[in-house]
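Being a predicted model, the structure only gives us computed values, none of them experimental.
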Amino acid sequence: MARIQLLSLSQDELLSFVKEDLGESAFRAKQIAEWLARGASIDEMTNLSAKLRASMNEIAVADPVRIMEVFPSKIDETEKFLYALEDGNIIEGVIMRYHHGDTLCVSTQVGCRMGCAFCASTLDGRVRDLTPGEILGQVVCVNRYIREKDASRRVHNIVLMGSGEPLDNYDNVIKFLRLVNAPEGLNISLRNISLSTCGLVPRMHALAREGLPVTLSVSLHAPNDAIRRQIMPVANAYPIDQLIAACRDYVENTGRRVVFEYALIKGVNDSLECADELAGLLRGLQCHVNLIPLNDVKERSLHAPDRRAVDAFLKRLGQRSVSATVRREMGADIDGACGQLRRKVIGGAK
């Protein structure tokens with residue numbers, strides 16, 4: 001029988017666990033919550049008796065995610081993590097240092113089933129969803145890792161842009177967002193969290209009504225259905241007009257602008273005609289376009305355009321009054337794009 005993941009429990013659920021499963025007083029819940037936020041294992045919870053810790057170890061786990069290996073970049077301060085899960089699965093994440101704080105990219109699934117042509121995470125399909133505690137566990141263990149090196153550092157921003165489609169694991173991701181924002185936990189502001197989706201339209205409408213003011217980042221990558229269907233299978237289920245309507249709904253319900261991720265792929269979506277069409281598509285929408293020169297995916301023979309083409313695309317959007325920037329490339333020497341490193345480790349890429 002699987003042990004209870006304490007990081008997956010809300011404060012009320014943790015209180016119930018302490019009183020009903022452990023037969024302990026309510027104040028123990030506060031003690032345990034403080035240890036969990038610090039990334040401690042049950043054995044490290046030294047203000048609990050040895051007997052209580054032994055009982056907890058039999059039925060629960062405090063640290064369902066363990067840093068297996070760290071890959072530091074030699075060109076910037078980015079670090080990539082391979083995490084080991086309790087069932088032997090491997091996921092990955094990236095910490096990026098900016099002047100405004102540390103940003104952690106987290107995974108929400110082991111693998112992905114969305115099938116986007118430019119993404120390494122989806123090449124082996126989806127293995128399983130991550131639990132709320134496994135998503136939170138990535139933040140907690142990296143927080144501990146960076147603070148042991150520098151006590152002034154902490155994870156300040158979170159982007160749900162690692163392996164997996166967050167809205168395909170909807171309930172667990174929503175619970176994670178509430179847990180990571182909880183005052184008794186990490187208390188990370190939801191406004192410091194970005195959630196990426198390839199465009200699961202019904203779930204986007206649902207998210208708009210959750211009362212969670214996260215930034216919605218939409219993987220658009222094309223200005224029309226014809227191109228989008230070539231590279232994103234989700235476009236066959238949800239046409240681009242439905243996707244944009246869901247984005248407008250999100251802006252209206254949350255007051256938050258939408259960020260569109262647009263991976264520039266040589267000879268596919270990088271022409272000035274595409275830039276013009278994209279500007280027309282987004283007219284009147286409170287949004288920003290994040291242009292991303294593609295990380296080459298050798299299995300799909302897709303490549304980035306040269307810098308001149310990227311700059312020309314950016315300039316054309318500016319001329320059409322579209323807010324846009326080119327995303328700064330970080331961790332290029334450590335397989336910074338999601339899914340690349342995991343595939344090497346499990347033998348999927350040589």
S.K.: With the threshold set at 4.0 Å, does a side-chain nitrogen-carboxylate oxygen contact exist between Asp76 and Arg97?
M.R.: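 No salt bridge links Asp76 with Arg97.
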
S.K.: Would you say Arg320's side chain and Arg316's backbone share a donor-acceptor pair under 3.5 angstrom?
M.R.: no

S.K.: Using a strict threshold of under 4.0 Å (side-chain N to carboxylate O), is an ion pair present between Glu134 and Arg128?
M.R.: yes

S.K.: How many angstroms lie between CG in Asn89 and CD in Gln109, if you round to the nearest 0.5 Å?
M.R.: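 Those atoms lie 12.0 Å apart.
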
S.K.: Using atom types as modelled and distance alone, determine if a side-chain donor or acceptor of Ser107 lies under 3.5 Å from a backbone N or O of Glu92.
M.R.: yes

S.K.: Show your reasoning for whether salt bridge (Lys or Arg N to Asp or Glu O under 4.0 Å) applies to Asp168 and Arg113.
M.R.: CA-CA 9 Å; Asp168 190 38; Arg113 62 178 174 180; 2.8 Å; yes

S.K.: Look up atom CG in Leu216 and atom CD1 in Ile193, then write down how far apart they are to the nearest 0.5 Å.
M.R.: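 It is 13.5 Å, given to the nearest 0.5 Å.
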
S.K.: What's the shortest heavy-atom distance between Gly93 and Tyr83, and which atoms?
M.R.: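 What the structure gives for the nearest pair is N-CE1, 3.5 Å.
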
S.K.: Within the supplied structure, the quantity of interest is the number of heavy atoms (other residues, nucleotides, ligands) at a distance under 6.0 Å from Lys149 NZ; does it exceed 12?
M.R.: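 Atom NZ in Lys149 is crowded, with more than 12 foreign heavy atoms closer than 6.0 Å.
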
S.K.: Nearest 0.5 Å, what's the CD1-CD distance between Ile67 and Glu79?
M.R.: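 Answer rounded to 0.5 Å: 9.0 Å.
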
S.K.: Are Lys30 and Glu34 within salt-bridge range, i.e. N to O under 4.0 Å?
M.R.: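 A salt bridge links Lys30 with Glu34.
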
S.K.: Quick one, Ser152 with Asp150, criterion side-chain hydrogen bond (donor to acceptor under 3.5 Å, both in side chains). Give me CA distance, side-chain angles, the key distance, then yes/no.
M.R.: CA-CA 5 Å; Ser152 68; Asp150 180 347; 2.7 Å; yes

S.K.: Determine, for Arg66 against Glu86, whether the closest basic-nitrogen to carboxylate-oxygen distance falls under 4.0 angstrom.
M.R.: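 Salt bridge between Arg66 and Glu86, a charged N being under 4.0 Å from a carboxylate O: no.
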
S.K.: Once rounded to the nearest 0.5 Å, what's the spacing between atom OG of Ser55 and atom CG of Leu22?
M.R.: 7.0 Å

S.K.: Which distance, rounded to the nearest 0.5 Å, do you find between the CD of Glu184 and the CD1 of Ile32?
M.R.: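 Going from the CD atom of Glu184 to the CD1 atom of Ile32 covers 13.5 Å.
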
S.K.: Go through it in stages, so that I can follow the logic: the residues are Met45 and Leu36, the test is side-chain contact (heavy atoms from CB on, under 4.5 Å), and I'd like the CA-CA distance, side-chain angles, deciding distance and then a yes or no.
M.R.: CA-CA 9 Å; Met45 299 180 182; Leu36 291 173; 4.0 Å; yes

S.K.: Salt-bridge test for Glu24 and Lys19: reply yes if a basic N is under 4.0 Å from a carboxylate O, no otherwise.
M.R.: no

S.K.: Hydrophobic clusters here meaning ILVMFWY residues chained together by side-chain heavy-atom distances under 4.5 Å, can you tell me if Leu207 and Ile244 are in one?
M.R.: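 Same cluster.
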
S.K.: With a 4.5 Å cut-off on side-chain heavy atoms, are Leu130 and Gln138 touching?
M.R.: yes

S.K.: Dump the intermediate steps for salt bridge (Lys or Arg N to Asp or Glu O under 4.0 Å) on Arg144 and Glu148, then the final yes or no.
M.R.: CA-CA 6 Å; Arg144 177 171 178 167; Glu148 284 176 350; 3.2 Å; yes

S.K.: Backbone N or O of Tyr250 within a donor-acceptor pair of the Arg256 side chain at under 3.5 Å?
M.R.: no

S.K.: Is the distance between the ring centroids of Phe81 and Tyr145 under 6.0 Å?
M.R.: yes

S.K.: Treating Arg147 as the side-chain partner and Arg153 as the backbone partner, does any N or O pair qualify as donor plus acceptor under 3.5 Å?
M.R.: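 The answer is yes, because a donor-acceptor pair under 3.5 Å joins these two groups.
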
S.K.: What do you reckon, is NZ of Lys175 surrounded by more than 12 foreign heavy atoms closer than 6.0 Å?
M.R.: yes

S.K.: Please determine if Asp171 and Arg203 form a salt bridge, counting it only when a charged side-chain N lies under 4.0 Å from a carboxylate O.
M.R.: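 Judged by the 4.0 Å cut-off on N to carboxylate O distance, Asp171 and Arg203 do not form a salt bridge.
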
S.K.: Considering non-hydrogen atoms only, spot the tightest contact between Leu285 and Cys247 and give its length.
M.R.: CD2-CB, 4.2 Å

S.K.: Compute whether any side-chain donor of one residue and acceptor of the other, for Thr103 and His156, lie under 3.5 angstrom apart.
M.R.: no

S.K.: Are side-chain heavy atoms of Asn290 and Thr325 found at a separation under 4.5 Å?
M.R.: yes

S.K.: Is the shortest side-chain N to carboxylate O distance from Arg178 to Glu210 below 4.0 Å?
M.R.: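 Here Arg178 pairs with Glu210 in a salt bridge, since their nearest N and O are under 4.0 Å apart.
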
S.K.: Could you measure the distance from the CG atom of Leu282 to the CZ atom of Phe260? Nearest 0.5 Å is fine.
M.R.: 5.0 Å

S.K.: Using modelled atom types and a 3.5 Å cut-off, is there a donor and acceptor pairing between side-chain atoms of Glu165 and backbone atoms of Cys198?
M.R.: yes

S.K.: Examine distances only and state if a side-chain atom of Asp249 and a backbone atom of Ala245 form a donor-acceptor pair shorter than 3.5 Å.
M.R.: no

S.K.: For the residue pair Leu14 and Ala29, what are the closest heavy atoms and their distance?
M.R.: CD2-O, 3.5 Å

S.K.: Can you see which heavy atom on Tyr238 is nearest to which on Gly199, and at what distance?
M.R.: CD1-O, 3.4 Å

